[in-house]
There are 2 protein chains.
Amino acid sequence: MELTRAMESTVLHWGEMGSRWGVNRSIAQIHALLYLSTKPITADEITETLGIARSNVSTSLRELQSWNLVTLTHVMGDRRDHFEAKTDLWEVLLIIVDQRKKREIDPTVSTLRKCVLDAGGDGTPEDVKSRLNDMLQFGETLTTWYEQVSRLPTTTLVKLMHMGAKISRFVKG
Amino acid sequence: MELTRAMESTVLHWGEMGSRWGVNRSIAQIHALLYLSTKPITADEITETLGIARSNVSTSLRELQSWNLVTLTHVMGDRRDHFEAKTDLWEVLLIIVDQRKKREIDPTVSTLRKCVLDAGGDGTPEDVKSRLNDMLQFGETLTTWYEQVSRLPTTTLVKLMHMGAKISRFVKG
DNA sequence: CTGTGTTTTCTGTTTATACTGAAACTACAG
DNA sequence: CTGTAGTTTCAGTATAAACAGAAAACACAG
């Protein structure tokens, strides 16, 4: 698979972005490549195109599949696995946020909950306790909000987005 | 400075969180410690409490100041710098999102813009071009929305949040 | 100008993670 | 069964980032 200049920069930049957000470069690059590719491609093609080890591609694809961002498909008359990425970017965004929430935010909130409990009997000063409480409260507000909003249909979300700041009209007071 | 059990877990967990989101552990730990502390503390106190090198604390504090999350203050009769963290968590969230947008999202969108231009004349196939365009479009929609909404007063944001999914009432169609 | 407390800079080391390549495994065709 | 194409696992290696400690720079009192 031959990459044009534009495709190459996109893939490289996406890899760079990934690493700044705690996603490893290979995974991000592969994801970008699959997103750009308009037909399913094999692991070997990815290996060649990106110049990374076959085993690394395998592991990364596995990870991408576990995120539901990439699916395995088959092509008639070809034994090899082919891979393709979700193309609806709204769906992609929601998947990523959902997963990171589940893997990182939710555990953080429960850790905080435990800390607030512990703080009751371990001699934590009152003012620190109130800071801890604020954090927990804040986390809970955000997650509750997200859980509701993320369940709205995409079309609604798009419309809400396009309203931008106008949405504030509907707030009382 | 003595940490209670609850404080210690919070600081450690925060550090862990940081590293999963591309913020180094020391910086995140120091931030947590300053957030919990109800009075400004010195770099040396941080060094002792967290058991990391003095130089590391210095660099991290500098970084935190550049993010506007921590400010330097002075205490009467003490030559040493003291540090304290922003305590309004809404403000903290907006600062973090703002900064990461500025440092990472905005450059990504302009890279995409450049790629879309390049793709015009470098032989990129039509269908790939349209994928690139979708990405750019999506990024622009999100950033435009964020720029508007983040400028609303915190009180309005809080109210919007508490409305949760009810906000969808106001969408036409 | 000198001495002391404080902060920053810099270089080498450590550590964590990504990555490779070979070997093991699997599924299937013949 | 056997051979082959394909995939995964695993142990070792490389790389990049975090970190420590020493040295330098700075600020100011006396």
Side-chain angles (χ1 to χ4, degrees), chain A residues 1 11-34 40-67 70-84 103-104, chain B residues 1 11-34 40-67 70-84 103-104:
Chain A
M1 189 178 188
V11 168
L12 292 176
H13 185 85
W14 208 245
E16 177 64 20
M17 259 321 88
S19 52
R20 296 200 194 212
W21 291 85
V23 176
N24 93 42
R25 207 177 59 234
S26 309
I27 294 184
Q29 286 187 354
I30 294 174
H31 183 223
L33 181 63
L34 289 174
I41 56 186
T42 66
D44 278 322
E45 285 178 277
I46 297 172
T47 302
E48 265 185 68
T49 311
L50 299 181
I52 59 185
R54 183 51 235 270
S55 55
N56 192 5
V57 171
S58 176
T59 314
S60 301
L61 283 171
R62 179 171 267 261
E63 182 82 7
L64 283 166
Q65 283 171 275
S66 88
W67 283 66
V70 164
T71 53
L72 190 153
T73 59
H74 283 102
V75 169
M76 256 311 180
D78 193 334
R79 248 168 84 186
R80 296 169 302 175
D81 291 344
H82 289 241
F83 299 89
E84 61 186 342
R103 298 176 192 207
E104 288 142 20
Chain B
M1 191 178 185
V11 168
L12 292 177
H13 185 86
W14 209 243
E16 177 63 19
M17 263 317 91
S19 51
R20 293 200 194 214
W21 290 86
V23 174
N24 95 41
R25 207 177 59 233
S26 308
I27 293 184
Q29 285 187 355
I30 293 174
H31 183 224
L33 180 64
L34 289 175
I41 57 185
T42 66
D44 278 322
E45 284 178 278
I46 297 173
T47 302
E48 264 185 68
T49 312
L50 300 182
I52 59 185
R54 183 51 234 272
S55 55
N56 193 4
V57 171
S58 175
T59 314
S60 302
L61 283 171
R62 178 172 267 260
E63 182 82 6
L64 283 167
Q65 283 171 275
S66 87
W67 283 66
V70 163
T71 52
L72 190 154
T73 59
H74 282 103
V75 169
M76 256 311 180
D78 193 335
R79 251 167 80 185
R80 295 170 302 174
D81 291 343
H82 290 240
F83 299 89
E84 61 185 342
R103 298 175 192 207
E104 288 142 19

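Sequence lines set the chain letters: A, B, ... in the order given, protein chains first and strands last, and positions in each chain run from 1.
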Any B/R80 side-chain nitrogen or oxygen under 4.0 Å from OP1 or OP2 of C/dG5: no
Kindly indicate whether the side chain of B/R103, heavy atoms from C-beta on, has any atom under 4.5 Å from the side chain of B/W67. yes
Which nucleotide sits closest to the side chain of B/R62: C/dT20, D/dT8, C/dT8? C/dT8
A/F83 CZ to D/dT7 C1', in whole Å, measures 9 Å
Rounded to the nearest Å, what distance is computed from the CD atom of residue A/E16 to the P atom of nucleotide C/dA18? 14 Å
Would you mind telling me which of C/dC19, D/dT7, C/dA22 lies closest to the side-chain atoms of A/D81? D/dT7
How long is the line joining CG of B/L72 and C1' of D/dA27, in whole Å? 14 Å
Whole Å only: how far is the CG atom of A/N56 from the P atom of D/dA11? 17 Å
Is A/R25 atom CZ crowded by more than 12 heavy atoms from other residues, nucleotides or ligands, each under 6.0 Å away? no
Heavy atoms from C-beta onward define the side chain here; which of C/dT7, D/dT9, C/dT9 lies closest to that of B/D44? C/dT7
Which nucleotide in D/dC19, D/dT8, C/dC28 has an atom nearest any side-chain atom of A/R79: C/dC28
Would you mind telling me which residue lines up with the more 5' stretch of DNA chain D, A/T59 or A/R25, judged by nearest nucleotide? A/T59
What nucleotide, of C/dG21, D/dA18, C/dT7, holds the atom closest to the side chain of B/N24? D/dA18
Donor-acceptor check, side chain of A/T59 to backbone of A/S55, threshold 3.5 angstrom: yes or no? yes
Closest to the side chain of A/R54, out of D/dA20, D/dT8, C/dT8, is D/dT8
Side chain to side chain contact (heavy atoms under 4.5 Å, CB included) test vs A/I30 passes for just one of A/I46, A/T49, A/V11, namely A/I46
A/S58 side chain near D/dT8 phosphate (N/O to OP1/OP2, under 4.0 Å): yes
Residue A/D78, side-chain atoms from C-beta onward, closest of D/dA20, D/dG6, D/dT9: D/dG6
Among C/dC10, C/dT20, D/dT7, the nucleotide that comes nearest once only the side chain of B/S55 is considered: C/dC10
Roughly how many Å is it from CG in A/L50 to C1' in C/dT20, rounded to a whole number? 15 Å
Tell me: CD1 of B/I41 to P of C/dT7, nearest whole Å? 13 Å
Taking the side chain as every heavy atom from C-beta outward, state whether A/E48 and A/M1 have any pair of such atoms under 4.5 Å apart. no
Write down the distance between CD1 (A/I52) and C1' (C/dG21), rounded to a whole number of angstrom. 14 Å
Can you tell me how far C1' of C/dA18 sits from CD1 of A/I30, to the nearest Å? 12 Å
Using a 4.0 Å heavy-atom cut-off, does B/S26 contact any base of the nucleic acid, only the sugar-phosphate backbone, or nothing at all? sugar-phosphate
